[in-house]
Amino acid sequence: MIGSDGQIGGAPTLEYASEVGGLLDDGLLLANSGGTILAVNTAAVRLLGESVVGKNLAEVVEYDEAIEKQKRLANNGIDKEFLFQPKSTVRREFKVRIKQLENGLVLVLVMDMTLQRNLEKVRRDFVANVSHELRSPLTSLAGFIETILNNEIQDHETLIRFLKIMDEEAKRMARLIDDLLSLSRVEVDEHIVPSEIVPLLEVIRSVIHSLEDRAKRRNMRIDFLDNRPTSSANLYMYGYADEINEVFHNLIDNAIKYGFEKTSIIVHVNAQQDDHVIISVSNFGDQIAEKHLSRLTERFYRVDKARSRQIGGTGLGLAIVKHIVNRHRGLLSVKSLSEGKTTFTVELPIINGSERKNASKRRNVSS
Ligand SMILES: Nc1ncnc2c1ncn2[C@@H]1O[C@H](COP(=O)(O)OP(=O)(O)OP(=O)(O)O)[C@@H](O)[C@H]1O
Ligand SMILES: [Mg+2]
């Protein structure tokens, strides 16, 4: 029972409140019957600022009075709940719950809903994007099917041309679905640290080999440079070969798509630190403007939507790369210079010699 002097059975309420409040992620405020704030917990300071003690509640958790007039604190403040957006440069949203205690003291809970709101928005945008990306090829396919069914095509050549376009559109849809499945798989497994051993350079060399023909068709060359002092030595890491393959496949595929014709792509293995290696993929093309750089790994983000779509991109490649790199406890970064050199860098943890011997011993014992 809390007394009107702010005591619970002899223990001071304010101390009690701040002790209990310290356990909460939500902000907790205690005010007197006039609305003057007497005490706050650490989360409330984080959410509302340092200097709220002594201020009036109505001032601190202001809300849109026009919408919420009937729920105002002046109306005796019993069990109210409302949303409130603090004035700040970053858009945030708090849910506020107010409870008036028997002795006139007022207890206020402030919950930060920003992350939840943002996640809801990401989910809505995602569904809208997927629907849009699937609808475009589907509409095109339906159009061609209708034309063919209506016997509107007289000659064989036109029919073949239409079927080729339909084939492309169907493949685009299949690619999109594969990418979405791949993305959701790596997202789900992101917290599981991989345990298999991957010969990193072998994987990269095989990716280069598989993409060489595509590069040639654009008169491009893929150069592999190994700058380590012991460049012949292979590098091993804990990981999944398929996923590491996907990382470099996506990066080199982008370099071929977005680099200019007749330029080189450089895959560079850089100085190996104790337990890390840095691998970069560079191409020469249009510079990516600064404002796009931090958004490239968002799903469906494309600098030039029309151009990427025309090339066949869905904007999921780098999102997949980012999640795989995260899963492998690595780092992905990008730089684009005004001369048009764009470099994606992947830093990956590697296994040093003795660790590898132990790992293979463990493997022998367990197998
Ligand atoms: N090497 C690069 N040079 C210039 N722009 C790039 C490069 N790599 C990526 N981008 C830009 O980043 C965007 C996102 O790349 P991402 O790989 O995620 O998608 P995509 O290549 O369009 O499609 P997908 O990889 O799904 O087939 C691209 O659309 C392009 O605008
Ligand atoms: Mg791509």
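By convention here, the first residue in the shown sequence is residue 1. Worth saying up front: this structure is predicted, and the values here are computed from it rather than measured. When a ligand or atom number is given, it counts from 1 through the structure's own listing order.
Note on the Mg ion (ligand 2): protein N, O or S atoms under 2.8 Å away count 1, no waters included.
In summary, E202 and R205 do not engage in a salt bridge, as defined by a charged side-chain N under 4.0 Å from a carboxylate O. Under the 4.0 Å criterion applied to side-chain N and carboxylate O atoms, E261 and R217 are not assigned as salt-bridge partners. Contact check on E93 versus R117 returns a salt bridge, with a Lys/Arg side-chain nitrogen under 4.0 Å from an Asp/Glu carboxylate oxygen. Contact check on D112 versus R46 returns no salt bridge, with no Lys/Arg side-chain nitrogen under 4.0 Å from an Asp/Glu carboxylate oxygen. Between R172 and E169, at least one side-chain nitrogen of the basic residue sits less than 4.0 Å from a carboxylate oxygen of the acidic one, meeting the salt-bridge criterion.
A donor atom on one side chain and an acceptor atom on the other are not found under 3.5 Å apart for E133 and T314.
For a heavy-atom separation below 4.0 Å, the residues in contact with ligand 1 are D179, N254, K257, Y258, N283, I288, L296, Y301, R302, V303, S308, G313, T314, G315, L316, G317, L318, F344.
For F144 and F162, the ring centers are positioned less than 6.0 Å apart.
Ring orientation note: the planes of Y240 and H328 are nearly perpendicular, at an angle over 60° on the 30°/60° scale. Classification of the Y301-H292 ring pair by plane angle, with boundaries at 30° and 60°, yields tilted.
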